[in-house]
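Note on naming: letters A, B, ... go to the chains in the order of the sequence lines (proteins, then strands), and numbering restarts at 1 for each one.
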There are 2 protein chains.
Amino acid sequence: MSMDHVFAALADPTRREIIDRLRGGDKTAGELAEPLPISRSAVSQHLKVLEAAGLITRSKSAQQRIVALNADALTEATDWLQAAHDEWQQRFDNLDRILAEEVPADTSTTDPSTADRTAD
Amino acid sequence: MSMDHVFAALADPTRREIIDRLRGGDKTAGELAEPLPISRSAVSQHLKVLEAAGLITRSKSAQQRIVALNADALTEATDWLQAAHDEWQQRFDNLDRILAEEVPADTSTTDPSTADRTAD
DNA sequence: AGTGTATTGTAGTAATCACTTAATTAAGGG
DNA sequence: CCCTTAATTAAGTGATTACTACAATACACT
């Protein structure tokens, strides 16, 4: 249930579409496959990838397989992405503020682009 | 700058480590490569992938290349992930509430998982 | 049991990936 | 100019991916 598998699973547009569709409620494998331009076998393999990543769970009901979303695997990835995004955005906001105030404020981070390189 | 490329870029642990490290401030390609157990060539190729995904920008300073993060590409992916995660979580919360109240409430969504399973 | 339906497993294939080593470009300094 | 440093590109390799068609499994209905 590593982030590797979660992000790799999300990198495929077909799998993201499956997840998008699943947000509207649980579906069978057949319902998910129906509008897709690929074989049912291919869909089944995509579901296996999503299951391995922990993004969905599958259960049986007669011949049909019920596919349901699972939030747990997504939490870690969402948190990581959110943290990176927020900090980024904050850095840009800081930069905007610095530029706006025209203060030579130090960034205090290890930022080689600000280091004065006199000579080596 | 598609989500395909962004998620694919994030699926590799080396590239996530690069991004994590870059959150502390801009770095040169050499600084990024130094603690990694792979060749500089490999790091350069990872940076190319990250740049193609729009996650970083590269600029020249003498012989060195300065690597910087770029929030824009991440926004779309973060939003998608957050939306899926939130809706998911909400569905679970609803389920918790229904179970807590012991109401047989129908979920009203196309949810075949409520179909009774007699025997396997 | 025998048939139809829903789904998954199994080759097999073309494309892509992550890595290596070796060659190449680009910028300074003697 | 030649050499060193910093980084990228090129070529090649083994592993993995996304798909297909075909076979196998599982269940329900008659």
Side-chain angles (χ1 to χ4, degrees), chain A residues 2-19 22 26-53 55-68 112-113 115-120, chain B residues 2-19 21-22 26-53 55-68 110 112-113 115-120:
Chain A
S2 63
M3 280 212 279
D4 279 33
H5 292 136
V6 172
F7 281 126
L10 297 175
D12 186 278
T14 301
R15 288 195 288 262
R16 282 202 309 281
E17 187 180 331
I18 288 173
I19 288 183
L22 237 26
D26 298 355
K27 299 243 184 316
T28 65
E31 285 176 311
L32 289 169
E34 197 268 314
L36 295 172
I38 55 176
S39 70
R40 305 212 154 187
S41 181
V43 174
S44 183
Q45 289 169 75
H46 279 306
L47 293 177
K48 207 159 103 176
V49 172
L50 288 169
E51 188 176 42
L55 290 166
I56 62 167
T57 57
R58 284 190 286 182
S59 56
K60 281 165 69 169
S61 172
Q63 300 102 313
Q64 300 175 333
R65 260 63 159 195
I66 312 302
V67 183
S113 64
D116 49 358
R117 50 187 72 253
T118 43
D120 303 303
Chain B
S2 62
M3 279 211 281
D4 278 33
H5 292 137
V6 172
F7 280 126
L10 296 175
D12 186 278
T14 301
R15 288 194 290 261
R16 283 203 308 281
E17 187 180 332
I18 288 173
I19 288 182
R21 201 106 57 68
L22 237 26
D26 299 354
K27 299 245 184 313
T28 65
E31 285 177 311
L32 288 170
E34 196 268 313
L36 294 171
I38 56 176
S39 70
R40 304 213 155 186
S41 177
V43 174
S44 183
Q45 287 170 76
H46 279 305
L47 293 176
K48 208 158 103 175
V49 172
L50 288 169
E51 189 177 42
L55 290 167
I56 62 167
T57 56
R58 283 189 285 181
S59 56
K60 281 165 70 167
S61 171
Q63 300 104 313
Q64 300 175 333
R65 261 64 160 192
I66 310 301
V67 183
T110 46
S113 67
D116 51 357
R117 161 212 299 268
T118 43
D120 355 62

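For the pair Glu34(A) CD and dT5(C) C1', the interatomic distance rounds to 16 Å; values are reported in whole Å. Protein atom CD of Glu31(B) is 17 Å distant from nucleotide atom P of dT5(D), rounded to whole Å. Rounded to an integer number of Å, the gap from Gln64(B) CD to dT8(D) P is 11 Å. Spacing between atom NE2 of His5(B) and atom C1' of dT16(C) amounts to 11 Å, rounded to whole angstrom units. As rounded to whole Å, 14 Å separates atom P of dA27(C) from atom CD1 of Ile66(B). We find that CG of Asp12(B) is positioned 14 Å from C1' of dA15(D), with the value rounded to whole Å. Atom pair Phe7(A):CZ and dT17(D):C1' shows a separation of 19 Å (rounding to whole Å applied). Atom pair Leu36(A):CG and dA6(C):P shows a separation of 16 Å (rounding to whole Å applied).
Note on Ala62(A): only backbone sugar-phosphate atoms sit closer than 4.0 angstrom, heavy atoms only; bases stay farther off.
Annotation: of the two residues near DNA chain D, Val43(B) and Ile38(A), the 5′-most nearest-nucleotide partner is Val43(B). Take the nearest nucleotide of DNA chain D for Val49(A) and for Gln63(A): the residue whose nucleotide is more 5' is Val49(A).
Donor-acceptor pairing under 3.5 Å, judged by distance alone, is present between the side chain of Ser41(A) and the base of dA21(D). At a cut-off of 3.5 angstrom, counting only N and O atoms as typed in the model, there is a donor on one side and an acceptor on the other between the side-chain of Gln45(A) and the base of dC19(D). For a distance-only test at 3.5 Å, the side chain of Ser44(A) fails to qualify as a donor-acceptor partner of the base of dG9(C).
The side chain of Ser39(B) lies closest to dT20(C) when the candidates are dA7(D), dT20(C), dT8(C). Considering only the side chain of Lys48(B), dT9(D) comes nearest among dT9(D), dT20(C), dT7(C). For His46(A), taking side-chain heavy atoms from C-beta onward, the closest of the listed nucleotides dC19(D), dA28(D), dT20(D) is dC19(D). Nearest to the side chain of Ala29(A), among dT8(D), dA18(C), dT8(C), sits dT8(C). Side-chain atoms of Leu47(A) lie closest to dT8(C) of the nucleotides dT8(C), dT8(D), dT7(C).
Contact check for Leu55(A) versus Arg15(A): no side-chain heavy atoms found under the 4.5 Å cut-off. Proximity of Ile66(A) to Thr28(A): side-chain heavy atoms (C-beta onward) are separated by under 4.5 Å at one or more points. Using a 4.5 Å cut-off on side-chain heavy atoms (C-beta onward), Leu32(A) and Leu47(A) make contact. Counting heavy atoms from C-beta on, the side chains of Ile38(B) and Gln45(B) never come closer than 4.5 Å. Within the 4.5 Å cutoff, side-chain heavy atoms of Asp4(B) are placed close to those of Arg16(A).
In this structure, Lys60(A) does not reach the dA26(D) phosphate: none of its side-chain N or O atoms is under 4.0 Å from OP1 or OP2. When the side-chain nitrogen and oxygen atoms of Arg58(A) are compared with OP1 and OP2 of dT7(C), none of them lie within a distance under 4.0 Å. Regarding contacts with the backbone of dA7(D), every side-chain N or O of Arg65(B) stays at 4.0 angstrom or more from both OP1 and OP2. Residue Arg15(B) has a polar side-chain atom (N or O) positioned under 4.0 Å from OP1 or OP2 of dA18(C).
In this structure, the side chain of Gln64(B) does not engage the main chain of Ser61(B) through any donor-acceptor pair within 3.5 Å.
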